[in-house]
Asks: 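Pasting a structure below so you can have a look.
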Amino acid sequence: MSTPVRVRFAPSPTGYLHVGGARTALFNWLYARNRGGKFILRIEDTDEARNTETAMQAILDGLRWLGLDWDEGPEVGGEFGPYFQSKRQSIYDAYFAKLEAAGRTYTEENGAVRFKFSREPIMVADLVCGDVHFASTEEPDMTIRRPDGSYIFHFVNVVDDIEMKISHVIRGEDHLSNTWKHIDLMHALGSHPPRYAHIPLILNPGGSKMSKRDEGAAIDSYQKSGFLPDAVFNYLCLLGWTPRSEKEKIDRQELVTLFDAADIHSSNARFDMAKCTWFNAQYLRELAPEALLGAASPFLQSAGIDTGSNTHAAVAVHSVKEKISLLSEIPAWAHYFFREDYPFEEEVITKLKAKTENKALLQAVLDHLPSISDWSESGFTIGIESVAAENKVKPGSILPLLRFALSGQNRGPNVATIAHLIGQESTANRIQRVLTKVL
RNA sequence: GACCCAUUCGUCUAGCGGUUAGGACACAUCCCUUUCACGGAUGCGACACGAGUUCGAUUCUCGUAUGGGUCGCCA
């Protein structure tokens with residue numbers, strides 16, 4: 001009972017990191033961290049024709065982005081390496097010889113080799129699905145080696161799990177039906193099978209398997225659309241697993257503490273982008289101004305916004321934090337803090353032109369501006385209140401006009417906040433410009 | 001076709017024989033409010049179906065239906 005926990009994520013570098021694969025990695029990682037075990041990354045690149053270096057980097061990048069660090073594997077090494085199946089041929093040859101010696105193989109006419117099943121009933125004692133019984137009598141013997149001497153997934157997967165002393169195999173439920181074959185192979189090789197935990201699949205909103213066309217299928221798309229890794233991490237955890245906890249927003253450390261493979265569900269879950277986005281909004285709101293600016297800067301840059309010289313940049317970006325759910329929304333909500341040539345939304349122009357007194361009110365504000373000596377948010381507000389009183393209107397009649405003048409749009413943070421951040425001079429210039437050119 | 005897994009609001013789920021079947025997302029309404037949001041409140045909304053076991057089934061058993069998966073010299 002004291003065997004150390006060693007789990008692995010074993011992707012095949014044929015494309016990108018899929019959301020289902022990412023969650024498999026996540027559960028393995030959580031299990032290892034919870035039990036004080038090792039999380040191993042093994043690259044299953046036995047199919048030369050389909051594997052690429054860029055695909056492998058995409059997988060590594062995706063795991064790193066999610067904060068899933070591996071204890072053994074590519075770039076970090078480990079005592080059971082190499083961690084690329086393409087570099088373990090001699091190990092496989094040795095195990096293959098063992099199987100041959102045991103009389104459990106036979107060769108096809110063209111040179112491919114099959115593993116002779118025991119044809120005994122086999123039970124998979126699954127941590128998630130319970131005891132699953134297989135008769136193992138109908139299926140044809142499985143091919144384990146190609147005519148060219150390279151090995152098939154089922155064989156190398158099993159050999160590596162033995163060699164790397166994997167204690168628990170946590171993988172997608174799509175592997176459950178083949179697990180008896182792996183156990184049969186393990187027995188033939190004289191090894192004890194690891195514990196298995198087959199986790200439910202992530203389905204698209206339509207209820208079928210997530211494909212690369214589905215929104216949210218590729219992990220790098222989350223980064224591109226402005227998700228925070230912690231939010232995606234949290235959401236993915238809750239797809240197929242529920243902690244004994246009332247809340248849903250749970251930070252990484254607490255998830256590690258709470259995680260237990262026994263609580264993993266056995267039915268598939270559909271992916272819901274709206275809820276994932278909600279999680280992101282929650283995590284976004286926790287970011288301090290500087291952290292938010294850091295996270296948002298790639299998006300600001302790609303929108304052509306330069307925040308470098310603006311000393312209020314962090315505060316400005318922070319002021320729209322509660323308006324948005326994704327980092328990618330920030331440029332549209334905060335661009336006017338960083339440039340004077342911001343656009344004016346057409347429908348707002350039309351609305352303002354409809355009332356002739358609007359122009360006079362803006363002029364009154366402009367005239368009053370120089371007499372505001374305290375350009376703090378409260379100082380500005382007092383100034384606006386006095387303009388309102390002089391013109392016998394409520395501040396609520398003036399503020400929307402100002403918002404439009406200062407930002408070009410009809411939504412955003414407090415007008416006082418905007419005015420304070422862009423400064424007194426820019427405020428006057430912006431009102432002046434609207435008066436002469438827009439209205 | 002054979003085998004395997006599953007089935008609670010639209011979605012994610014709680015429930016582990018007796019509950020007004022709870023929460024979250026989404027949606028709707030109201031409150032707050034200079035806007036947009038946040039937040040708060042309320043509403044909408046589910047045990048796939050049929051037998052059996054039981055004093056009593058969402059919960060246990062068996063069927064049926066539906067969904068998903070596996071049966072590759074892909075992984």
Side-chain angles (χ1 to χ4, degrees), chain A residues 10-15 21 43-47 49-51 85 108 110-114 124 126 128-130 132-140 142-157 171-181 198-203 205-209 235 238-249 265-279 281-282 284-285 319-325 329 333 348 381 384 388 394-404 407 409-416 418:
Chain A
S12 184
T14 55
I43 304 298
E44 307 220 328
D45 54 352
T46 52
D47 187 352
R50 295 175 48 191
N51 299 138
Q85 291 188 328
E108 300 275 342
N110 68 358
V113 179
R114 286 182 188 265
V124 179
D126 196 274
V128 173
C129 303
V132 186
H133 299 267
F134 294 90
S136 77
T137 176
E138 298 286 326
E139 303 235 353
M142 74 174 166
T143 306
I144 56 172
R145 197 175 76 164
R146 303 186 184 92
D148 67 1
S150 64
Y151 295 95
I152 303 297
F153 160 74
H154 298 289
F155 182 74
V156 293
N157 187 270
R171 61 184 8 171
E173 197 211 324
D174 49 342
H175 290 288
L176 181 59
S177 297
N178 285 326
T179 300
W180 66 269
K181 302 174 187 176
H198 287 92
I199 67 180
L201 271 19
I202 297 179
L203 272 23
S208 48
K209 203 172 179 180
Y235 174 68
L238 266 30
L239 227 41
W241 173 71
T242 310
R244 298 170 200 279
S245 156
E246 285 132 49
K247 55 183 179 175
E248 290 192 302
K249 183 176 170 298
H265 309 157
S266 44
S267 63
N268 297 340
R270 298 187 193 202
F271 183 83
D272 183 3
M273 186 56 93
K275 187 145 190 179
C276 188
T277 304
W278 176 81
F279 270 103
Q282 302 303 307
L284 222 42
R285 297 202 176 97
S319 73
V320 303
K321 183 173 75 167
E322 289 191 346
K323 318 292 179 184
I324 57 163
S325 305
E329 296 173 75
W333 282 80
V348 192
T381 304
I384 295 303
K394 291 177 178 174
S397 307
I398 297 178
L399 265 357
L401 306 180
L402 268 175
R403 168 183 305 289
F404 175 68
S407 72
Q409 35 192 49
N410 59 2
R411 58 197 159 86
N414 285 339
V415 175
I418 299 175

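Note that these values count all heavy atoms, side chains included, but never hydrogens, waters or copies made by symmetry. Computed from a prediction, not measured in an experiment: that's the story for all the values here. In what follows, chains carry the letters A, B, and so on, assigned in the order in which the sequence lines appear, proteins first and then strands, with residues in each chain numbered from 1.
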Asks: If you measure from the C1' atom in B:G68 to the same atom in B:U58, how many Å do you get, rounded?
Replies: 22 Å
Asks: Taking syn as within 90° of 0 and anti otherwise, name the glycosidic form of B:C38.
Replies: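 Classified syn.
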Asks: Round to a whole Å and report the spacing from CG of A:Leu203 to P of B:C12.
Replies: 9 Å
Asks: Please classify the nucleic acid contact of A:Lys209 as base, sugar-phosphate, or nothing, using heavy-atom distances under 4.0 Å.
Replies: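 Result for A:Lys209 = sugar-phosphate.
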Asks: Nearest whole angstrom, please: distance from the C1' of B:G67 to the CZ of A:Arg270.
Replies: 8 Å
Asks: Write down the distance between CD1 (A:Ile199) and P (B:C4), rounded to a whole number of angstrom.
Replies: 22 Å
Asks: Under 4.0 Å between any heavy atoms, over every strand shown, what does A:Pro140 touch: base, sugar-phosphate, or nothing? Just pick one.
Replies: sugar-phosphate
Asks: On RNA chain B, does the nearest nucleotide to A:Ser397 precede the nearest nucleotide to A:His154 from the 5' side, or the other way round? Give the residue.
Replies: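 Final value for this comparison: A:Ser397.
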Asks: What contact category does A:Asp148 fall into here, base, sugar-phosphate, or nothing, at under 4.0 angstrom with non-hydrogen atoms?
Replies: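 Contact class for A:Asp148: none.
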Asks: Decide yes or no for A:Glu248 and A:Phe279: does some side-chain heavy atom of the first lie under 4.5 Å from some side-chain heavy atom of the second?
Replies: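 SC-SC contact between A:Glu248 and A:Phe279 confirmed.
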Asks: Applying a 4.0 Å non-hydrogen cut-off, can you work out what A:Ala112 is touching in the nucleic acid: base, sugar-phosphate, or nothing?
Replies: base
Asks: If you take atom types as modelled and just measure distance, does the side chain of A:Lys275 reach the base of B:A24 with a donor-acceptor pair under 3.5 Å?
Replies: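 Between B:A24 and A:Lys275, which were checked side chain against base, a qualifying N/O pair under 3.5 Å is present.
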Asks: Could you let me know what B:G18 is paired to, Watson-Crick or G-U wobble, both distances under 3.5 Å, or none if it's on its own?
Replies: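 Paired with B:G18, as far as the under-3.5 Å criterion goes, is B:C55.
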Asks: Ignoring backbone atoms, establish whether A:Arg145 has a side-chain N or O less than 4.0 Å from OP1 or OP2 of B:C73.
Replies: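 Result: no.
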Asks: Could you tell me which nucleotide pairs with B:U7 by Watson-Crick or G-U wobble geometry, both distances under 3.5 Å, or answer none if nothing does?
Replies: B:A65
Asks: Quick check for you: among B:U7, B:A75, B:C5, whose closest atom lies nearest to any side-chain atom of A:Val132?
Replies: B:C5
Asks: Using whole Å, report how far CG of A:Asn268 lies from P of B:G67.
Replies: 14 Å
Asks: Say you pick atom C1' in B:G15 and the same atom in B:U8; how far apart are they, in whole Å?
Replies: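 Pairwise C1' distance, B:G15 against B:U8, rounds to 9 Å.
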Asks: Scan every strand shown for a Watson-Crick or G-U wobble partner of B:C44, both distances under 3.5 Å, and answer none if you come up empty.
Replies: none
Asks: How is A:Pro147 classified with respect to the nucleic acid when contacts are heavy atoms under 4.0 Å: base, sugar-phosphate, or nothing?
Replies: base
Asks: Return the nearest nucleotide to the side chain of A:Ala274; candidates are B:U35, B:A75, B:A26.
Replies: B:A26
Asks: Could you tell me whether A:His265 contacts a base, only the sugar-phosphate backbone, or nothing, with contacts defined as non-hydrogen atoms closer than 4.0 Å?
Replies: sugar-phosphate
Asks: Which heavy atom of A:Arg285 sits nearest to which heavy atom of A:Lys321, and what is that distance?
Replies: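 Nearest pair, atom of A:Arg285 first, then A:Lys321: O-NZ, 2.7 Å.
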Asks: Look at all strands and tell whether A:Glu248 reaches a base, only sugar-phosphate, or nothing, counting heavy atoms closer than 4.0 Å.
Replies: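 Base: the residue A:Glu248, judged by heavy atoms under 4.0 Å, touches a nucleobase.
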Asks: Under 4.0 Å between any heavy atoms, over every strand shown, what does A:Gly111 touch: base, sugar-phosphate, or nothing? Just pick one.
Replies: nothing
Asks: Rounded to whole angstroms, how far apart are CD on A:Glu139 and P on B:G69?
Replies: 17 Å
Asks: Parallel, tilted or perpendicular: which fits the ring planes of A:Phe271 and A:Tyr235, with parallel below 30° and perpendicular above 60°?
Replies: perpendicular
Asks: If you compare every side-chain N and O of A:Thr143 against the phosphate oxygens of B:C73 (OP1, OP2), does one of them come in below 4.0 Å?
Replies: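 Yes.
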Asks: If the C1' atom of B:G52 is compared with that of B:A57, how far apart are they to the nearest Å?
Replies: 12 Å
Asks: With heavy-atom distances below 4.5 Å as the criterion, would you say the side chains of A:Arg171 and A:Thr179 are in contact?
Replies: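 When only atoms from C-beta onward are counted, A:Thr179 and A:Arg171 do touch, with a gap below 4.5 Å.
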Asks: So what does A:Ser12 hit on the nucleic acid, given a heavy-atom distance under 4.0 Å: a base, only sugar-phosphate, or nothing?
Replies: sugar-phosphate
Asks: Who is the Watson-Crick or G-U wobble partner of B:A2, with both distances under 3.5 Å?
Replies: B:U70
Asks: Measure NZ/A:Lys249 against C1'/B:C25 and give the value in whole Å, please.
Replies: 16 Å
Asks: Within the structure shown, what part of the strands sits under 4.0 Å from A:Thr46 by heavy-atom distance: base, sugar-phosphate, or nothing?
Replies: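 Sugar-phosphate, backbone atoms only, no base.
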Asks: Which whole number of Å gives the distance between the P atom of B:G56 and that of B:C44?
Replies: 32 Å
Asks: Can you tell me how far P in B:G22 sits from the matching atom in B:C38, rounded to whole Å?
Replies: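 Nearest-Å result for B:G22 against B:C38 at atom P: 25 Å.
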Asks: Given B:A37, is OP1 or OP2 found less than 4.0 Å from the side-chain N or O atoms of A:Arg285?
Replies: no
Asks: Looking only at non-hydrogen atoms, find the nearest pair between A:Gly412 and A:Trp333 and report the distance.
Replies: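 Closest approach of A:Gly412 to A:Trp333: N-CZ3, 3.9 Å.
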Asks: Counting only side-chain heavy atoms from C-beta out, which of B:G68, B:G69, B:U35 sits nearest to A:Arg403?
Replies: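 Per side-chain heavy atoms of A:Arg403, the pick is B:U35.
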Asks: What distance, rounded to whole Å, do you find between the two C1' atoms, one in B:C47 and one in B:A21?
Replies: 8 Å
Asks: Verify the contact: side-chain N or O of A:Asn178 to OP1 or OP2 of B:C71, cut-off strictly under 4.0 Å; return yes or no.
Replies: yes
Asks: For A:Met142 and B:C71, give me the distance from atom CE to atom P, rounded to whole Å.
Replies: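 Between P of B:C71 and CE of A:Met142: 11 Å.
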Asks: Roughly how far apart, to the nearest Å, are B:U29 and B:C60 at atom P?
Replies: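 So the two P atoms sit 40 Å from each other.
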Asks: Determine whether a donor-acceptor pair (N or O, by modelled atom type, separation under 3.5 Å) exists between the side chain of A:Ser150 and the backbone of A:Arg146.
Replies: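 Answer holds: no.
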Asks: Between B:U35 atom P and A:Ile384 atom CD1, what is the distance in whole Å?
Replies: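 It is 16 Å, rounded to the nearest whole Å.
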Asks: Think A:Thr242 has a side-chain N or O under 4.0 angstrom from the OP1 or OP2 of B:A14?
Replies: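 Yes, A:Thr242 has a side-chain N/O under 4.0 Å of OP1/OP2 on B:A14.
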Asks: Between A:Arg114 and A:Glu108, is there a salt bridge with N-O shorter than 4.0 Å?
Replies: yes
Asks: Across the strands shown, which category fits A:Gly412 at heavy-atom distances under 4.0 angstrom: base, sugar-phosphate, nothing?
Replies: base
Asks: Side chain of A:Glu322, heavy atoms from C-beta onward: which of B:A6, B:C71, B:C38 has the nearest atom to it?
Replies: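 Nearest to the side chain of A:Glu322 among the choices is B:C38.
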Asks: Rounding to an integer number of angstrom, what distance separates B:U64 and B:U7 when you compare their C1' atoms?
Replies: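 It comes out at 13 Å once rounded to the nearest Å.
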Asks: Hey, which sits more toward the 5' end of RNA chain B by its nearest nucleotide, A:Leu238 or A:Trp333?
Replies: A:Leu238
Asks: Mind checking whether A:Val415 and A:Pro400 have side chains closer than 4.5 Å, heavy atoms only?
Replies: no
Asks: Report yes if the side chains of A:Ile43 and A:Pro11 come closer than 4.5 Å at any heavy-atom pair, otherwise no.
Replies: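 Yes - at least one pair of side-chain heavy atoms lies under 4.5 Å apart.
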Asks: So A:Phe134, base contact, sugar-phosphate only, or nothing? Heavy-atom distance under 4.0 Å.
Replies: sugar-phosphate
Asks: So, does A:Arg270 use its side chain to make a donor-acceptor pair with the main chain of A:Pro205 at under 3.5 Å?
Replies: yes
Asks: Remember a base hit wins even if backbone is also touched, and classify A:Asn110 as base, sugar-phosphate or nothing at under 4.0 Å, heavy atoms.
Replies: base
Asks: Is A:His133 touching bases, backbone alone, or none of the nucleic acid, heavy atoms closer than 4.0 Å?
Replies: sugar-phosphate
